[in-house]
Student: 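This structure is in structure tokens; I'll ask about it shortly.
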Amino acid sequence: MSSFAPSAMTSGPSKASTTNEMASRAIPAGSVPPIAGKTVGPLGQSGLTMPASLRRRLPRLATSSLMIAGDIGSYLLIYFVLLTFLPSGPEGAVVERAFILAAVAAIVLYASVGLYPGYRLHDHEHLRRRTIAAVKVAALTAFGALILPEGERLLLAIIGFLGLGLIVQPVMHWLARGLCRRLGIWGERAVIIGGRNLIPALMAHFRDHWQYGIRPEPFSQDMFEASSEGGPSIALIAGDIGSLIPDLAAMRKKFAEVVLLSDTPSLKVTGLRPADVGGEIGIRITTGGRSVNTDLVRRGLDLAIAIPATIVVAPFIAIAAAAIYAIDPGPVFFRHTREGLSGKPVHVLKLRTMYQDAEQRLEALFAENPAMRAEWLSHFKLKDDPRVLPVIGHLLRSSSFDELPQLANIIAGEMAIVGPRPFPEYHLLAMDGEFRDKRRSVTPGLTGLWQISERSNADIELQQQLDEFYIDNRSLWFDCQILLSTIPAVFKRRGAY
């Protein structure tokens, strides 16, 4: 799903004083300092003059070319890896030509669904579009295999070729995107129009999450009155747009695109979910509904992952349990009742990482240190927690290994691989009732959006924002992206304690 949805509102007639009125309404006086000067892109520093439209397109064309080169490089790398397995002679030449056709077809499909350069897309949307394109190529190959002699071998070779591409391409995509950023050609200039409280937060958000391809600039009256040449080509509207509707006609003349911002994982903007508008008449505001078919697919994937994973990690859990018992003899597993789907209690299973008298230690700590109490009330976590067992406790918590016994909860159907983390009752009491009702509508998960983003660094407000964003935009593709991002997040150990 796209991080932004294009505005589908009809524009009304503009007034003579449209520009001045819009500037005064959208940005109250003194809220944001005006832009000091016109920024010049790396391609506009030479003495050559060129049309503004071409000057705007050149960075995008250069970026798209590098992204395509990255995908071509991925397929070349995969080809050399598979070269030793290819048959020799004419049969090998046929397979090589099939690889070339499959790679060209995939890249053409990638381009047709907007992956070059792929601005303003969430990572899970990149994954969805790439996978669907690869499946389409594989389907065409399967059709060809039915009418060609010995087509089965060709089919298996191309499926392996495209499957490896889905693994290698995200890495090459990340490298190409980073190179574009260093060259100063990644992203498009966009002006932020909204309330005075939203603009600084949005500016910081898009600078921190530069992968979206947005180079944000605050709105100013001087910018709107100036010539459109050399200025931002995109206007991002945030917050209440009711007062701006009469000005949309003038804005569409000024900017190539006018986009109504939707919520992001870590910043609530309007309450709109990111949706691909397609041929519909407007942006949909919906709740994250449940589908029986999708739930069955999720359940099948959960079992397909959880059962083998349990067999693999069981010996390591036994070793960790022995270490826990050696440091603090007693039960090595910890059961805690959490709230699950439809409010049903879930007895979450974890490796014990704290002393058995953890509650008494926490009360004594709060009595001596009010600052630690404040930290606890904000995050329900402590960075320097005296309750945690030395060495083994910190190791298990920072790696999230203590959560792995919950694979048993997943096999039992009480939890899922991906979903909002099941919080204790005291944690949920800090959240509003409406959000708790929304949380009960989905099955809690072993990993979730907040675990791959902020983890323990997130306060109550941000935890709620992340969970709400996930529930509103829940999909199999989103789950796949979270699952793929969990492993690097665990190894980084950022925000885990």
Student: Could you tell me if the ring centre of Trp186 sits under 6.0 Å from that of Tyr119?
Tutor: yes
Student: For Ala190 versus Ile214, what's the shortest heavy-atom pair and its separation?
Tutor: CB-CG2, 4.0 Å
Student: Kindly determine whether Gln169 and Tyr110 satisfy side-chain hydrogen bond (donor to acceptor under 3.5 Å, both in side chains), including the steps that lead there.
Tutor: CA-CA 12 Å; Gln169 283 172 345; Tyr110 292 162; 3.0 Å; yes
Student: Verify whether the ring centers belonging to His209 and His205 lie closer than 6.0 Å.
Tutor: yes
Student: In Å, rounded to the nearest 0.5 Å, how long is the span from OG1 of Thr63 to CG of Leu183?
Tutor: 8.5 Å
Student: To the nearest 0.5 Å, what is the distance between OG on Ser112 and CZ on Arg129?
Tutor: 9.5 Å
Student: Could you grab the distance from atom SG of Cys180 to atom CZ of Arg60, nearest 0.5 Å is fine?
Tutor: 12.0 Å
Student: Just how far is it from atom CD of Glu403 to atom CG of Leu446, taken to the nearest 0.5 Å?
Tutor: 7.0 Å
Student: Taking the side chain as everything from C-beta on, heavy atoms only, tell me whether Ile132 gets closer than 4.5 Å to Arg128.
Tutor: yes
Student: Please check if the distance between the ring centroids of Tyr75 and Phe161 is under 6.0 Å.
Tutor: yes
Student: Can you tell if the side chain of Glu339 reaches within under 4.5 Å of the side chain of Pro345, non-hydrogen atoms only?
Tutor: no
Student: Is it true that Glu414 and Lys344 have a side-chain N and a carboxylate O under 4.0 angstrom from each other?
Tutor: no
Student: For a quick test of reading the model, state the closest non-hydrogen atom pair linking Asp479 to Arg298 and the distance between them.
Tutor: OD2-NE, 2.7 Å
Student: Ignoring hydrogens, what is the shortest heavy-atom contact between Arg352 and Ile324? Give both atom names and the distance.
Tutor: O-CD1, 3.0 Å
Student: When you compare the side chain of Met172 with that of Trp174, does any pair of heavy atoms fall below 4.5 Å?
Tutor: no
Student: Ring centroid separation for Tyr116 and His173, is it under 6.0 angstrom?
Tutor: no
Student: Does either side chain, that of Glu461 or that of Gln464, offer a donor lying less than 3.5 Å from an acceptor on the other one?
Tutor: no
Student: Please examine the side chains of Thr131 and Trp477, heavy atoms only from C-beta on, and report whether any two atoms are closer than 4.5 Å.
Tutor: yes
Student: Looking at Leu86 and Glu96, what are the two nearest heavy atoms and their distance?
Tutor: CD1-CG, 4.1 Å
Student: Working to the nearest 0.5 Å, report the span between CG of Asp402 and OG1 of Thr353.
Tutor: 5.0 Å
Student: Identify the heavy atoms of Leu127 and Cys480 that sit nearest to each other, and give their distance.
Tutor: CD2-CB, 3.8 Å
Student: Any side-chain heavy atom of Phe423 sitting closer than 4.5 Å to one from Gln463?
Tutor: yes
Student: From Met354 CE over to Arg387 CZ, what is the distance, rounded to the nearest 0.5 angstrom?
Tutor: 3.5 Å
Student: Give me the atom names and distance for the closest heavy-atom approach of Gly419 to Tyr470.
Tutor: CA-CE2, 3.9 Å
Student: Heavy-atom distance under 4.5 Å between the side chains of Ile410 and Ile305, does that happen here?
Tutor: no
